[in-house]
Amino acid sequence: MIAPSLLSADFARLEAEIGWFNQSEADWLHLDVMDGVFVPNISFGFPVMKAVARLCQKPLDVHLMIVQPEKFIPEVKSLGAHIMNVHYEACTHLHRVVHQIREAGMSPGVTLNPATPVSVLEDIICDVDLVLLMSVNPGFGGQKFIPHTVEKVRQLRALIQKHGSNALIEIDGGVNLETGLQLRQAGADVLVAGSFIFHAADPIEACHLLRSL
Ligand code: DX5
Ligand code: ZN
């Protein structure tokens with residue numbers, strides 16, 4: 001599956017961007033929320049996402065790069081989001097947060113920064129529907145892919161099998177046809193792509209190519 005990241009869209013023409021997205025083969029719309037505290041940047045918040053949710057005809061995959069993400073479970077739910085991703089590094093009580101997300105009726109996802117090893121997921125892997133591995137340091141689109149992520153995908157696939165978990169593996173940052181192929185071959189299920197898709201001359205074709213890997 002593929003999840004185009006709205007962060008790389010032209011915000012002056014959001015309706016048109018979501019228009020082609022709805023017509024494309026893309027599976028989910030990935031929404032990157034930044035607070036200027038957990039990451040050194042601020043993106044967009046709930047008023048913008050509410051407008052986007054009204055236009056979007058596909059599942060929303062919300063990636064919260066914020067401290068205390070549990071505060072916003074009701075707001076994310078009210079968007080109609082399917083997946084709520086919280087960072088492992090932002091949650092002191094990750095188990096509680098994951099279960100609160102599920103009780104709210106959403107799929108919980110846990111996100112790992114590049115320097116966080118997959119092994120920290122041993123005791124939570126059966127409680128989540130998705131693990132999002134960052135293949136760049138979060139905060140900005142258009143960064144260079146960190147090659148070690150491919151090895152982390154293999155490690156995560158092994159961990160998921162060992163525990164009989166159903167978690168999907170999603171990767172975020174620097175995804176293009178070359179890195180996407182490596183990730184697919186290593187066992188990734190969902191590829192997030194911002195600049196590769198939104199900056200392409202033909203974004204619908206870019207979605208098709210990435211999804212066909
Ligand atoms: C980074 C965000 C990503 C970003 C990906 O902090 O989480 O979703 O938009 O952008 P590209 O694909 O351009 O690296
Ligand atoms: Zn993201």
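Residue indices begin at 1 and follow the sequence shown. Everything numeric in this text was worked out from a predicted model, so none of it was measured.
- H87 has its side chain within reach of M134: a pair of non-hydrogen atoms, C-beta onward, lies under 4.5 Å apart.
- In terms of modelled atom types and a separation under 3.5 Å, the side chain of Q182 and the main chain of V150 share no donor-acceptor contact.
- Checking V128, D127, D129 one by one against R102, the side-chain contact (heavy atoms from CB on, under 4.5 Å) holds for a single residue, D129.
- Inspection of the H30 and D61 side chains reveals an N or O donor paired with an N or O acceptor under 3.5 Å.
- Considering OG1 of T179 and CG of L191, their distance stands at 8.0 Å, rounded to 0.5 Å.
- Minimum interatomic distance between K58 and A26 (heavy atoms only, all atoms of both residues): NZ-O, 2.6 Å.
- For the residue pair D10 and E17, the shortest heavy atom distance occurs at N-OE2, 2.7 Å.
- No more than 12 heavy-atom neighbours from other residues, nucleotides or ligands sit within 6.0 angstrom of CG on D123.
- Between the side chain of S135 and the main chain of G173, a donor-acceptor pair closer than 3.5 Å is present.
- Only one option out of S5, S8, S43 pairs with D32 in a side chain to side chain donor-acceptor pair (under 3.5 Å); it is S5.
- Distance alone, capped at 3.5 Å, is enough to place a donor-acceptor pair between the K152 side chain and the P114 backbone.
- Between the N176 side chain and the E178 main chain, a donor and an acceptor come within less than 3.5 Å of each other.
- Counting only heavy atoms from C-beta outward, the side chains of L181 and Q185 approach each other to under 4.5 Å.
- Contact detail for G139 and N41: the closest heavy-atom pair is O-ND2, 2.8 Å.
- Enclosure of atom CG in N22 by more than 12 non-hydrogen atoms of other residues, nucleotides or ligands within 6.0 angstrom is indicated.
- Environment of OH in Y88: sparse, with no more than 12 heavy atoms of neighbouring residues, nucleotides or ligands closer than 6.0 Å.
- Taking each heavy atom of A53 and L79 in turn, the nearest pair found is CB-O, 3.6 Å.
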I'd like to know whether R211 forms a salt bridge (charged side-chain N to carboxylate O under 4.0 Å, His left out) with D27, so could you lay out the CA-CA distance, the side-chain angles of the two residues, the decisive distance to 0.1 Å, and finally the verdict.
CA-CA 9 Å; R211 204 174 185 279; D27 297 276; 2.8 Å; yes

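- H63 has its side chain out of reach of V192: every pair of non-hydrogen atoms, C-beta onward, lies at least 4.5 Å apart.
- Within the 4.5 Å cutoff, the side chain of Q155 has no heavy atoms near those of the S119 side chain.
- Annotation: side chain of P203 is not in contact with side chain of S24 (no heavy-atom distance under 4.5 Å).
- Judged purely by atom type and a 3.5 angstrom limit, N113 has no side-chain atom pairing as donor or acceptor with the backbone of T116.
- Relative ring orientation between F198 and W20 is described as tilted, the plane-to-plane angle lying within the 30° to 60° band.
- Linking Ile, Leu, Val, Met, Phe, Trp and Tyr residues whenever their side-chain heavy atoms come within less than 4.5 Å places L209 and I171 in a single cluster.
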Applying side-chain contact (heavy atoms from CB on, under 4.5 Å), run through M49 and V33 and close with a yes or a no.
CA-CA 9 Å; M49 289 195 288; V33 183; 3.5 Å; yes

